[in-house]
Amino acid sequence: MDVLGRYRNLIVLVGVLFAQILGLAVQVKHTTDSESTRLIRIWAVDSVTPLEKVLVWTQTSSRNIWHNYFYLRGVRAENRSLKAQIEQMSLERVRMSQDADQARRLQAILAFKEQFISQTKAAQVIGSSGSELSRSVYIDKGEHDGIKPDMAVITADGIVGKVLRVYGSTSQVLLIDDQTSGVGAILDKTRLQGILRGTSSGEVVLEKVMSDETVPAGEQVLTSGGDGIFPKGLLVGRVMKVASGGELFLNIRVRPAADLSKLEEVLVVTKIDEKQAQPDQGTSVRAIDILAERLPGVPSKTDNADTSAAPSNADSDGKPKPVTPQASATSGGPITAAASTDTKTFPKPTKAPVDPKPQPALQDTPH
Amino acid sequence: MAITYTSGEQVEVYRFSLPATILIPLTAIFIQAWLPLRFPFFSNFDLPLLVVIGFATARRSPLAGLITGGLIGIFQDALTHQPIGLYGISKTVVGFGASSLGIKLDVENTGARFLLTIFFYVMHEIVYFMIARGLVGLHMAWSWRHELVSGAANALLGVLVYMLLDHVKQRT
């Protein structure tokens, strides 16, 4: 009894450590959370996140008041510049829709299935795990908002991570730079596939690319869709440095496109549609059609009436102007990216191009 | 004024009120989770660890130290996606060690606090490293330089934290 009293502190220490090591071993064996560990996590998250939400809300509100009411200097100039950009982009869109149509036709021939992000949910990042060895963040949307584990989390710049755990009104997102994360990735130009992983120091590396391949620095890294979480084709980042790693594989360091250290708002991909590519039925306005409006040709009877409406490419004496190389290259069919890259040569369309097909674009649902 | 006598030296034992015992660790964990989002460099600090050391050295009770350390560590673990127990075990050891050492040493002056924090920070990282690699199978790299620099940075912050704790601790 005397010995027990003398070494009481040490015995308790050993007991507490033993219990924790035992608990740890059980958790490592069972990858999913048990009821007791889940309860501890819920208590911890519920006691920390409400205050984080209040702080983030206060911060966002005060910043919005400043930006929306007080700090409006230069808005007119910015508005003009944005309008010019919209005009420019609408022209570019015509060209790109041609490329997309062509791609769809080819995909339909090959019975390809496309993945569309059809629904996203905007969320605010409210907190982190607070540990360098657990690169994860908390967002202010949870089970009540339709968030489920393994949903992809992205920003406008690139992918961020995936939903790991979901609580009532918050969720934990595992970032792509965590060492336990893994994303199927593909290099944009060389089309080499690999697995994107984080490291303990917070770097992101592309693994499983054979050492006899050539990967240039600066090449874009996209999602390959192979992980079943991220749809194919989302931007991951750029190759920063390539070194010969082990015996078989290259050591490719990737700089994530999204700034993972300063995340504020993210989009959770709540719905991904998969459907077979359908070729366009030709209802959209093609860039070549718009270009043809300016080129002299044999006018049809109906065209005679309104030739003056469209801007003319002819001289005042009726002689045709020289056709640009881009135009001559594309006169035989749809414009491709290779054939014409200078969108400034296209005149502004007289009517907005109509494309009845849904585009694989982000649609933010109200939240 | 109650004074405990250990090895012939007079050592004062302090206690903390219940609200302080609950709110200070919670605040530390909250700041640790929130601040790195705004200031990423803050993830190099371990504010809950500094609170564990501060509590343990003031109370000078190994039992209270290990229990406080264990609970704060487990709470911290719960916010990560790693298994619960990594921080729990590390902080249990630190809590026990800091309170045991607090009985034997004068931990009231700034220099001693600074050195003590570096020592316990490195000890914490060693225990964490061993558990994470040996039991959980995480890939981790060890760098003495990084740990010592982080330890010094934490010790600087620790000196400020202990000064704040001095205001809320009460003599038993």
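We name chains A, B, ... by the order of the sequence lines, and we start the count at 1 in each one. Heavy atoms only: backbone and side chains are in, while hydrogens, waters and symmetry mates are out.
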Toward chain B, the part of [X] with a non-hydrogen atom under 4.5 Å:
X        : result
A:Leu51  : both
A:Val45  : both
A:Ser261 : both
A:Thr49  : neither
A:Ile21  : both
A:Glu264 : neither
A:Val137 : side chain
A:Ser136 : side chain
A:Gln179 : side chain
A:Leu24  : both
A:Glu52  : both

Is the number of heavy atoms from other residues, nucleotides or ligands within 6.0 Å of NZ (A:Lys208) greater than 12? no

Is the count of non-hydrogen atoms from other residues, nucleotides or ligands lying under 6.0 Å from A:Trp57 atom CH2 greater than 12? no

Indicate whether the side chain of [X] and that of [Y] have a donor and an acceptor atom separated by less than 3.5 Å.
X        : Y        : answer
A:Thr199 : A:Ser201 : yes
B:Thr92  : A:Gln20  : yes
B:Gln76  : B:Lys91  : yes
B:Thr57  : B:Arg113 : no
A:Thr270 : A:Lys148 : no

Can you tell me which of [options] forms the most heavy-atom pairs within a distance under 4.5 Å of chain B?
options                     : value
A:Val48, A:Leu174, A:Leu133 : A:Leu133
A:Arg135, A:Lys262, A:Gln59 : A:Gln59
A:Ser47, A:Ala25, A:Ser129  : A:Ser129
A:Ala44, A:Ala19, A:Ser200  : A:Ala44

Heavy-atom proximity to chain A below 4.5 Å, by part of [X]:
X        : value
B:Tyr128 : side chain
B:Ile131 : side chain
B:Ile89  : both
B:Phe96  : side chain
B:Pro83  : both
B:Asp77  : backbone
B:Leu138 : both

How far apart are the closest heavy atoms of [X] and [Y], and which atoms are they?
X       : Y       : answer
B:Ile72 : B:Pro48 : CG2-CB, 3.7 Å
B:Ala56 : B:Gly95 : CB-O, 3.5 Å
B:Thr80 : A:Arg41 : O-NH1, 2.8 Å

Test salt bridge (charged side-chain N to carboxylate O under 4.0 Å, His left out) on B:Glu108 and B:Arg60 and set out the steps. CA-CA 12 Å; B:Glu108 298 295 317; B:Arg60 293 188 167 104; 3.6 Å; yes

Exactly one of A:Val266, A:Leu260, A:Leu234 clears side-chain contact (heavy atoms from CB on, under 4.5 Å) with A:Ile159, and that residue is A:Leu234

Chain A contacts, top residue of B:Arg38, B:Gln32, B:His81, B:His146 (heavy-atom pairs, under 4.5 Å): B:His81

Does B:Lys169 qualify as a cation-pi partner of B:Phe16, given the criterion of NZ or CZ under 6.0 Å from the six-membered ring centre and within 45 degrees of its axis?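 Not flagged: B:Lys169 not positioned over aromatic ring of B:Phe16.
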
Worked verdict on B:Phe45 versus B:Phe42 for ring pair (Phe, Tyr, Trp, His ring centres under 6.0 Å): CA-CA 5 Å; B:Phe45 292 101; B:Phe42 196 82; 5.2 Å; yes

